[in-house]
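Below is one structure, written out as structure tokens, with a few remarks after it.
Naming: A, B, ... by sequence-line order, numbering from 1 per chain. Keep in mind that what you see is a predicted model, and the values were worked out from it rather than measured.
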There are 2 protein chains.
Amino acid sequence: MKQPSGKVTRSDVAKLAGTSVAVVSYVINNGPRPVAESTRQRVLDAIRLTGYRPNGVARALASGSTKTYGLIVPNIGNTFVASMAHVLLQASLDHGHVMLLGDAGDDRQRELELIHSLLNRQVDGLFYNSVDRHPYIDVIKASGTPFVMLDRVEPQPGVSMLRVDERQAAFQVTSHLLSHGYQQVGIISGPLDMLNAQDRIQGWREAMAAHAVPVDESLIFPASYTRQGGYEAAQRMLAGPGAPRALFASNEGQAIGAIRAFSERNIRVPQDVALVCFNGTDQSAFHVPTLTTVRQPLRDMARCAIAMLQNWNGEAQLQEFPHYLEIGESCGCMPHKENNATTI
Amino acid sequence: MKQPSGKVTRSDVAKLAGTSVAVVSYVINNGPRPVAESTRQRVLDAIRLTGYRPNGVARALASGSTKTYGLIVPNIGNTFVASMAHVLLQASLDHGHVMLLGDAGDDRQRELELIHSLLNRQVDGLFYNSVDRHPYIDVIKASGTPFVMLDRVEPQPGVSMLRVDERQAAFQVTSHLLSHGYQQVGIISGPLDMLNAQDRIQGWREAMAAHAVPVDESLIFPASYTRQGGYEAAQRMLAGPGAPRALFASNEGQAIGAIRAFSERNIRVPQDVALVCFNGTDQSAFHVPTLTTVRQPLRDMARCAIAMLQNWNGEAQLQEFPHYLEIGESCGCMPHKENNATTI
DNA sequence: CTGAAAGCGCTAACAC
DNA sequence: GTGTTAGCGCTTTCAG
């Protein structure tokens, strides 16, 4: 008979099984002491009968581990962030950890609040993707909690970090556009004070140089990493003189926003403007047109991030991952499945 | 001087402040006993000096509350789920609670594992959106943990639930298409054994009846609630005879997948096929074309869900929310900003 | 207003 | 192989 409420404790089980509480623990934890098979069965039966559920809070206090990780993100509504969260969640569960999710709602103050909150709750480790370029690294360090930065920040001693070479990826993706023959490639960048925005712009610059194309600073359109940001940036671009025929959007949301803005002016992608973007998700493959995008090996990154926390020794661990270019229709070098000769 | 690690405990603070540990608690918790202002300051200083961080696990054990909620979702990669998670996270934080996020990865077994995991961790309450129509309600009930179902399930005693009248919403959205003059409206439904899929199909049926249109069962295309599902369903629809010129997709992902499939056959939305969908997110407004979609008042729902947990008395609470139809371009009754006379 | 002390439910020595 | 018990760090009652 299951109890109506979760008030059953380990000593109830012990009583019913006719053993001591220690034995119950040994059974539950498969150690650290052996238990006779017959006793073990009695305990197991008692657990079933009582509907006993080990109190994780008490276990955490006694054992010193919560089996919980924390994840701080700017906004779970961002599709790339959600993809990252998804793989981290899966990988953590594989290691027996659940995740406390802190969604900062793009608010710096809230982010700090959340960090304290998760730290107080004694997470075994923290994955951290900051709202902006001023992550609260000191706070986390002071707590002694293992943590991994998921986005690029100023290199610092004692800060572990995952990253892809965004400068190189930006170089590659811009070069891809240039190789199509475009002489002008615009860039919708992230907020200029963010390092990953700088990296991407830098790669863009280098690609222009490599192709002997003069860099036109007016082709940089800073925007937030959102659909709205991309939408507005594209509008600004169209409002100005000499809008480029090729464009590099710094994330998938911006790309989609830009395409929306274009469509409102009857500008087609890729026929009128070739487009590539960063950090595409599965969404890119279903978009019309499909998006040419730089993708990151998220699954590997998640596994690595967890390994970093587990092998934590207080020293910084840097792990760089390869990116890959997923060619879609948006850059124009693929046969476009869609055309305008329509019948049904 | 902050300590290098999180080993500072309350008694360290007490020692430094020259008080007892109880007083430190009184200061931290603003009660339950008053503390002299001067003592209070000494304690506060000691806390600052030591870098003391209250141990949430110990607090939870002693106080009986973890200040943590749990959220079980099928997959955080689904944009609608992510939107829901976002608002719940924000609302929870407003009430001082953090969230343990359980992402089942669309796997029933994993979902159960997660439920046990969160329950063991003594969450103060659980928000539950099941992978399929067989939610593990008994497990949660047996634990005595307050919980709210976020999706529609078989009405049961003792099960609180949020919902919108999906039958009615489906009726409305289908009627909207019919009012445009279409005689045939297809439906990409969810998996047929899910209640919300049945509800939506039922509303679709009733709308046909209300408009005196004979119901053609072959126009029901069951699919998973994903872009891939919508894509495949649309392909099936196009492969069959008499593909309808109007279509109701059961969620945003399906709609986007369907549009992709259409575009590959040079079928335009809304010119060739009028489309509406359920549970659109902000994404719908940036899509080309913008999507006509049924939206739910997520923010209100989140607040309500939390209130249900807080006022938990073991009795089922049912709360129904109004939906609203957001008219976009995809159904064809709006001036389409996009056209095909293109120049740049 | 402050201090002492009894738990909270469990882990893991340490005994036997 | 099993039982006893000292913590884990905190909340809160009960005495001063």
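- Proximity of residues 12-24 of chain B to DNA chain D (heavy atom under 4.0 angstrom from any strand atom) is restricted to B/A22.
- Under the side-chain hydrogen bond (donor to acceptor under 3.5 Å, both in side chains) criterion, B/T39 pairs with no residue at all, not counting sequence neighbours.
- Nucleotide C/dC10 holds its P atom 7 Å from the CD1 atom of A/I28, rounded to whole Å.
- Counting only residues at least two apart or in different chains, salt bridge (Lys or Arg N to Asp or Glu O under 4.0 Å) contacts with residues 302-317 of chain A comprise A/D300-A/R303.
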Output a table of nitrogen or oxygen pairs between the protein and nucleotides 6-10 of chain D separated by less than 3.5 Å.
| from | atom 1 | to | atom 2 | distance (Å) |
| --- | --- | --- | --- | --- |
| D/dC8 | O2 | A/A62 | N | 3.4 |
| D/dG9 | N2 | B/A58 | O | 3.4 |
| D/dC10 | OP1 | B/Y52 | OH | 2.2 |
| D/dC10 | OP1 | B/N55 | N | 3.1 |
| D/dC10 | OP2 | B/R10 | N | 2.7 |

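- With sequence neighbours excluded, no residue forms a salt bridge (charged side-chain N to carboxylate O under 4.0 Å, His left out) with A/R299.
- Residues satisfying the salt bridge (charged side-chain N to carboxylate O under 4.0 Å, His left out) criterion with A/R133, sequence neighbours excluded, are absent altogether.
- In this structure, A/R42 atom CZ and D/dG1 atom P are separated by 14 Å, rounded to whole Å.
- Residues passing the salt bridge (charged side-chain N to carboxylate O under 4.0 Å, His left out) test with B/R163, sequence neighbours excluded: B/E320.
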Extract all donor-acceptor atom pairs below 3.5 Å that involve side chains of residues 147-161 of chain A and protein atoms in other chains or at least two apart in sequence.
| from | atom 1 | to | atom 2 | distance (Å) |
| --- | --- | --- | --- | --- |
| A/D151 | OD2 | A/N129 | ND2 | 3.2 |
| A/R152 | NE | A/D199 | OD2 | 2.6 |
| A/R152 | NH2 | A/D199 | OD1 | 2.9 |
| A/R152 | NH2 | A/D199 | OD2 | 3.4 |
| A/S160 | OG | A/Q317 | N | 2.9 |

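- Between B/Y69 and B/V123, the closest side-chain pair of non-hydrogen atoms is not below 4.5 Å.
- Under the salt bridge (charged side-chain N to carboxylate O under 4.0 Å, His left out) criterion, A/D45 pairs with A/R48, sequence neighbours left out.
- Each salt bridge (Lys or Arg N to Asp or Glu O under 4.0 Å) pair with one or both residues in residues 17-39 of chain B, not counting sequence neighbours, appears once here: B/E37-B/R40.
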Donor-acceptor pairs under 3.5 Å, side chain of residues 79-105 of chain B to any protein atom, not counting sequence neighbours: which ones?
| from | atom 1 | to | atom 2 | distance (Å) |
| --- | --- | --- | --- | --- |
| B/T79 | OG1 | B/E252 | OE1 | 3.2 |
| B/T79 | OG1 | B/Q283 | NE2 | 3.3 |
| B/S83 | OG | B/T79 | O | 2.8 |
| B/H86 | ND1 | A/N75 | OD1 | 3.2 |
| B/H86 | ND1 | A/D103 | OD2 | 2.6 |
| B/Q90 | OE1 | A/R110 | NE | 3.1 |
| B/Q90 | NE2 | A/D103 | O | 3.1 |
| B/Q90 | NE2 | A/D103 | OD1 | 3.3 |
| B/S92 | OG | B/L88 | O | 2.8 |
| B/D94 | OD1 | A/R110 | NH1 | 3.4 |
| B/D94 | OD1 | A/R110 | NH2 | 2.9 |
| B/H95 | ND1 | B/Q310 | NE2 | 3.2 |
| B/H97 | ND1 | B/H95 | O | 3.1 |
| B/H97 | NE2 | B/D124 | OD2 | 3.1 |
| B/D103 | OD1 | A/Q90 | NE2 | 3.3 |
| B/D103 | OD1 | B/G105 | N | 2.8 |
| B/D103 | OD2 | A/H86 | ND1 | 2.6 |
| B/D103 | OD2 | B/I76 | N | 3.1 |

Would you list the protein and nucleotides 14-16 of chain C atom pairs, both N or O, that sit under 3.5 Å from each other?
none

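- Whole-Å rounding puts the B/N30 CG to D/dT12 P distance at 13 Å.
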